[in-house]
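One structure is given below, encoded as structure tokens.
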2 protein chains.
Amino acid sequence: MSREPSVLPAVQDHAAEAHAAEVLAVNLIAVLVAVSEDQPRVLTIGGSALPSGPFELAHRSLQSGLRDWVEQQTHHPIGYVEQLYTFADRDRGGGEGARMVSISYLGLTRERPAVAVGATPEWRDWYSFFPWEDRRQGASAVEPTLKTGLRAWIASAADPALRREREQRCAIAFGFDSQVWNEELVLQRYELLFEAGLIPEARHAAPQTGAQTIPGQAMTGDHRRILATAMARLRAKIKYRPVVFELLPETFTLLQLQRSVEALAGLLVHKQNFRRLIEQQNLVEDTGAIATATGGRPAKLVRFRRAIQAERAVAGTKLPRP
Amino acid sequence: MSREPSVLPAVQDHAAEAHAAEVLAVNLIAVLVAVSEDQPRVLTIGGSALPSGPFELAHRSLQSGLRDWVEQQTHHPIGYVEQLYTFADRDRGGGEGARMVSISYLGLTRERPAVAVGATPEWRDWYSFFPWEDRRQGASAVEPTLKTGLRAWIASAADPALRREREQRCAIAFGFDSQVWNEELVLQRYELLFEAGLIPEARHAAPQTGAQTIPGQAMTGDHRRILATAMARLRAKIKYRPVVFELLPETFTLLQLQRSVEALAGLLVHKQNFRRLIEQQNLVEDTGAIATATGGRPAKLVRFRRAIQAERAVAGTKLPRP
DNA sequence: GGAGAAATGCTCGTTAGGAGTATAAGTAGA
DNA sequence: TCTACTTATACTCCTAACGAGCATTTCTCC
């Protein structure tokens with residue numbers, strides 16, 4: 001939570017109901033996610049910024065403000081919206097004392113008819129911003145670069161205690177030293193790389209080790225961090241709440257469902273166990289239709305049982321291990 | 001998420017980077033929790049309001065702003081702070097068009113030397129606001145009143161579909177019809193009671209059924225809802241992150257730990273299984289000291305192993321069933 | 001010295017979930 | 001038409017996690 005630079009000392013005089021409440025600009029930022037062709041996509045403006053806009057008095061509420069203008073931009077209804085995090089930046093824009101409060105949201109939407117590539121807004125594969133987060137083919141291609149960079153950073157620690165600490169944090173976040181990869185630690189990994197100065201945004205913090213920058217596109221301001229937050233939240237959420245369905249078409253096959261979960265988690269799962277899980281939770285029902293196979297035996301087309309939401313405090317789509 | 005009244009229609013003209021960003025007052029609200037004498041307490045101002053204050057330019061960040069003035073008020077360090085939710089209310093204070101954005105936080109602190117009762121601020125048992133949430137002695141005393149009220153509300157539904165829906169929501173939230181009580185659904189329960197007009201705050205919404213109001217103290221504005229949010233979050237969190245320790249003294253016995261968990265969850269747990277869980281997770285270590293028993297065989301005094309935080313992506317204190 | 005209260009140790013049975021084997025039913029191409 | 005390949009679907013096995021009890025130990029208080 002140490003996202004804000006610690007510039008000023010703490011103040012003591014703010015039992016300040018005395019002077020009138022100060023006013024600040026409030027901004028809404030959306031991380032809008034869809035899945036197409038087995039890739040999770042995120043909606044960007046100009047390729048490297050998240051859509052964002054001011055919260056206005058005319059808006060009915062924060063959420064509807066967000067909904068309104070996102071739908072206007074994408075011309076698609078957003079099924080699911082949830083608040084992510086609110087933060088305040090001193091740095092941002094307008095000099096001295098200016099302050100903006102940003103409220104970020106995660107939104108899920110269906111795969112939509114393709115929008116022209118290069119257009120604004122544009123859907124981008126979220127792994128183009130976080131290549132190391134995709135481990136569906138095993139360790140990603142950037143892994144060696146990343147490991148080298150982190151090792152250099154660990155080694156560059158002045159005292160042994162600090163070195164030990166860095167070592168441990170890396171081990172947990174990246175699954176070094178026989179630890180397992182935890183797909184939910186997206187934000188921790190990003191923050192480590194940031195601290196280690198291994199990503200372009202960090203070109204001012206942390207003693208440079210001279211190590212090269214990790215592949216993976218940067219984003220405007222701290223939008224990449226916000227995306228990391230969204231990814232972490234979504235990866236956690238699909239395990240205990242059936243939100244994946246917001247990303248799928250009305251009817252789908254179990255494999256499609258599985259591929260979507262895998263795309264989000266960045267991990268492959270055991271097919272048979274995945275099906276068992278879905279079935280025993282009664283999450284889907286047959287439509288009677290059969291999928292025109294892409295190869296292999298045709299699969300039943302199923303649909304999400306919305307009723308399940310009402311029936312019980314729904315456990316959710318757990319995902320089995322690879 | 002339908003907390004804001006739907007007054008105005010959605011607006012369409014807000015691709016509005018054009019006109020200058022509008023400015024709004026930003027408020028910080030704290031739900032500060034402690035446990036003493038096996039009761040969870042929440043810090044109130046004037047007995048029925050949560051501490052809150054404006055976010056000011058002088059504050060280093062949102063979190064430190066909160067920390068600053070809460071510590072100033074309570075004269076105690078807060079070990080743990082996490083953001084809860086941000087909302088905007090049209091209604092609140094200064095008429096027409098005035099709008100305030102409120103950012104709520106959950107804070108955990110140690111049991112402190114008692115503050116005089118009746119003082120401001122004052123620590124209050126959180127079950128005095130939510131009597132139905134304490135099921136450590138089995139169903140609470142208010143349960144019959146509550147059940148009657150809800151049944152009346154269900155019956156008052158115009159068409160059968162609506163009736164059926166209400167029935168189901170109650171069954172899930174309150175564990176009617178042989179469903180089990182889920183201690184995490186604090187907010188859902190509150191919202192149902194609100195909708196049913198069974199609590200004082202709701203004295204304007206929903207067709208009154210004439211049923212009496214449920215016992216349980218109301219709070220200023222929507223503070224009771226925020227407290228519900230905090231309770232839900234905390235009850236969920238203690239199951240997968242070792243945050244209970246923030247509420248305990250430096251050294252403690254396993255029973256003390258258990259009682260604290262039970263106090264928060266509002267449920268009793270199986271003692272032996274609870275110990276097994278704690279032990280196999282290596283969450284605590286012996287201090288060598290022995291507790292001067294209150295009755296019964298003396299217990300080992302243990303302390304929380306802070307190291308655990310670093311060692312692994314810590315699973316957390318799971319709690320066994322009653 | 002007996003009763004009561006807690007601490008602590010151990011067992012048992014069920015279930016969730018990880019992993020693998022086997023078989024069925026399509027498509028694409030030789 | 002036959003073969004290879006791909007995917008769907010059904011079962012089996014095994015282990016760890018966890019809910020539920022029983023039993024024993026070690027105190028304090030009558």
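Convention: sequence-line order gives letters A, B, ...; per-chain numbering from 1.
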Rounding to a whole Å, what distance do you find between [X]:[atom1] and [N]:[atom2]?
X      : N      : atom1 : atom2 : answer
A:K300 : D:dT7  : NZ    : P     : 19 Å
B:L277 : D:dA20 : CG    : P     : 14 Å
A:Q256 : D:dT7  : CD    : C1'   : 13 Å
B:F274 : D:dA20 : CZ    : C1'   : 17 Å
A:R276 : C:dT15 : CZ    : P     : 14 Å
A:R275 : D:dA10 : CZ    : P     : 7 Å
A:I278 : D:dT9  : CD1   : P     : 13 Å
B:D286 : C:dA7  : CG    : P     : 14 Å

Side chains of A:E82 and A:Y80, donor plus acceptor under 3.5 Å: yes
A:R41-A:S36 side chain donor-acceptor pair, cut-off 3.5 Å: yes
Sugar-phosphate only, base, or nothing, as touched by B:L255 at under 4.0 Å among non-hydrogen atoms: sugar-phosphate
Sugar-phosphate, base or nothing in reach of B:L254, heavy atoms under 4.0 Å: nothing
Under 4.0 angstrom between B:K271 side-chain N/O and C:dA7 OP1 or OP2: yes
cation_pi(A:R135, A:W181) dist<6.0 Å, angle<=45: yes
Under 4.0 Å protein heavy-atom contact, by nucleotide of nucleotides 21-30 of chain D - B base, S sugar-phosphate only: BB--BBB---
Sequence-distant partners of B:E165, side chain to side chain contact (heavy atoms under 4.5 Å, CB included), two or more places apart: B:L162, B:R169
Residues that B:E167 engages under side chain to side chain contact (heavy atoms under 4.5 Å, CB included), provided they are two or more places apart: B:I154, B:R164
Worked verdict on B:F174 versus B:L192 for side chain to side chain contact (heavy atoms under 4.5 Å, CB included): CA-CA 10 Å; B:F174 291 92; B:L192 268 176; 3.9 Å; yes
Heavy-atom donor-acceptor pair, B:R303 side chain to B:E285 backbone, under 3.5 Å: no
